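Taking it in order: structure first as structure tokens, then the write-up.
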2 protein chains.
Amino acid sequence: MIARDGARRPEKRRAITEAATRVFGREGFARASMDAIAAEAAVSKRTVYNHFADKETLFLTVALQSAAELTLRLERLAAAHLDETDEGGSVREALAAFAVERARALLRSGEHGAVARAIRAEVVNIPGDVLDAWLDAGPDAERRALAARFAVWARRGLIAADDPELAAERFTLLTYQGVAERSFRGALAVPGEEVERIVADGTDAFWRLHGAGAAVVAAL
Amino acid sequence: MIARDGARRPEKRRAITEAATRVFGREGFARASMDAIAAEAAVSKRTVYNHFADKETLFLTVALQSAAELTLRLERLAAAHLDETDEGGSVREALAAFAVERARALLRSGEHGAVARAIRAEVVNIPGDVLDAWLDAGPDAERRALAARFAVWARRGLIAADDPELAAERFTLLTYQGVAERSFRGALAVPGEEVERIVADGTDAFWRLHGAGAAVVAAL
DNA sequence: GTCTATACAGGGATAGAC
DNA sequence: GTCTATCCCTGTATAGAC
């Protein structure tokens, strides 16, 4: 028997959101059909509508989950590259390696990246509070995590960053946005050498601005 | 059948492309309907199909026109700000003013900006050669124009840019992409003070990297 | 011969009825 | 879980008007 509102079968719900992630990612919001999502979830369309009021609600739910998933992946990357850096000399190399891996992650972000692109495409039709929630779970969370690490490094004199938030923003601009732009946010492939070149140029620029000792040079 | 340019009434064709620019900009490709475009152009739907074989052809035509129009606007901005700069001291201020105006132009790009967003949203469904043509008429043309000015300045010692193309790319990353990101490529409003702050920070960073004398500092 | 106006075939879509 | 009412869209077809 079917329970009332909140208590539906969680495994069905998960099957639906996972299927919806794939379908929305492949087709975008407008082209995706609820039929296709139900079929991909191996669930009847009625079940989809039992769990989610309409297509829009399902999409926004999936988008929030996807943002959180991407943030988690990037956080793991950041932890692996940036959290064991105690000696000054290795900071630059750690940042360079992290930047390359982050750019590559965008190009391999698959269905989650595709959902993020769909959000951006539909941004004018998304309620403000939902968009804020998406930003908070995704891009803003990533920036905060990077800024927190920069703040620690700055206190230890490993980088020059009076404003860690600004430094994190610059790092992303210089080492990530170029690849994002070139690949249309991960939609199109970019040759590996080109990714490496763009990211290496960006890392060089970042280090000239914020590397240990940059403050001294800037004061000249 | 196939729309051949010259034979039909050019004023109708213009009315159709202008209407299509507005409708595709408002609705995106998928949501826009040929009926709405015909109505907005005050033209019968049959006439639309007489001029353009199908919806996709109309969209791609409009996208190329829009890219060219945006490039023209930005080129005028660049010429106004950057082409009368002979004294060394004014280069930095000219760049700063241009950067702010360019960022503001994105936020006021209206229907042309909206079409550019639609292209980005549909990028996986666009034929490679058409996408190349769009890039060449739009973003790439802007980068080339900026790089050409940087090359002249570099020869005169007004900026430090061994590779003018790279410098142009960096200038755009530092002074433009931040606002593009924040506003979802012009879709959402951004407070004026925030635009000015983002652009000023970016201009500072660019000047530290590429201002006259930066090469000397980098050699330290 | 290009345009307007309208109608319509064919395919999908959403969302709800059974 | 299936079935279906209803709507909308693309693209074509059929009228007549300038």
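Lettering of chains follows the sequences in order, A, B, ..., and the numbering in each one begins at 1. Quick caveat: nothing in here was measured; it's all calculated off a predicted structure.
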message: Using C1' atoms of five pairs at each end, report the bend of the helix from dC3(C)-dG16(D) to dC18(C)-dG1(D) rounded to 10 degrees.
response: 30°

- request: Starting from C1' on dG12(C), measure out to NZ on Lys55(A) and report it in whole angstrom.
  value: 11 Å

- prompt: Do the ring planes of Phe59(A) and Phe24(A) sit parallel (below 30°), tilted (30 to 60°) or perpendicular (above 60°)?
  reply: perpendicular

task: Mind checking Asp54(A) for me? I need base, sugar-phosphate or nothing, with any heavy atom below 4.0 Å counting as a touch.
output: sugar-phosphate

- prompt: Can you name the nearest heavy-atom pair linking Ile16(A) to Val48(A), along with the distance?
  reply: CD1-CA, 3.9 Å

Ala161(B) to Ala154(B) - nearest heavy-atom pair and separation: O-CB, 3.6 Å

- prompt: Are Thr47(B) and Asn50(B) close enough that a side-chain donor and a side-chain acceptor fall under 3.5 Å?
  reply: no

field: Nearest-0.5 Å distance that lies between atom CG in Leu82(B) and atom CZ in Arg149(B)
entry: 5.5 Å

query: Sequence neighbours excluded, which residues qualify as side-chain hydrogen bond (donor to acceptor under 3.5 Å, both in side chains) partners of Thr21(B)?
result: none

Might you list the N or O atoms of the protein lying below 3.5 Å from N or O atoms in nucleotides 4-11 of chain C, with each pair's distance?
{"unit_1": "dT4(C)", "atom_1": "OP1", "unit_2": "Lys12(B)", "atom_2": "NZ", "d": "3.1"}
{"unit_1": "dT4(C)", "atom_1": "OP2", "unit_2": "Ser44(B)", "atom_2": "N", "d": "3.0"}
{"unit_1": "dT4(C)", "atom_1": "OP2", "unit_2": "Thr47(B)", "atom_2": "OG1", "d": "2.6"}

message: Can you list, in residue-number order, the parts of residues 15-33 of chain B that come under 4.0 Å of DNA chain D, counting heavy atoms only?
response: Ala32(B), Ser33(B)

Lys/Arg N to Asp/Glu carboxylate O, Arg92(B) vs Asp204(B), below 4.0 Å: yes

- prompt: When Trp134(B) is tested against each of Val123(B), Ile119(B), Ile126(B) for side chain to side chain contact (heavy atoms under 4.5 Å, CB included), which residue passes?
  reply: Ile119(B)

message: Assess the residue pair Arg73(A) and Glu142(A) against the criterion (salt bridge (charged side-chain N to carboxylate O under 4.0 Å, His left out)); give the C-alpha distance rounded to whole Å, side-chain angles, the decisive distance to 0.1 Å, and a yes or no.
response: CA-CA 10 Å; Arg73(A) 283 192 205 173; Glu142(A) 293 159 24; over 6 Å; no

Could you give the side-chain donor-acceptor pairs of residues 190-202 of chain A under 3.5 Å, partners two or more places apart or in another chain?
{"unit_1": "Glu194(A)", "atom_1": "OE2", "unit_2": "Arg182(A)", "atom_2": "NE", "d": "2.6"}
{"unit_1": "Glu194(A)", "atom_1": "OE2", "unit_2": "Arg182(A)", "atom_2": "NH2", "d": "2.6"}
{"unit_1": "Glu196(A)", "atom_1": "OE2", "unit_2": "Arg104(A)", "atom_2": "NH2", "d": "2.9"}

message: Using a 6.0 Å cut-off, check whether atom CZ of Arg144(B) has over 12 heavy atoms from anything other than its own residue.
response: yes

message: Quick check with a 6.0 Å cut-off and a 45 degree axis cone: is Arg102(A) positioned over the face of Tyr176(A)'s six-membered ring?
response: yes

- request: Verify whether the ring centers belonging to Phe206(B) and Phe98(B) lie closer than 6.0 Å.
  value: no

task: Would you grab the first and last nucleotide of DNA chain D (5' to 3') that comes under 4.0 Å of any non-hydrogen atom in chain A?
output: dG1(D) to dT2(D)

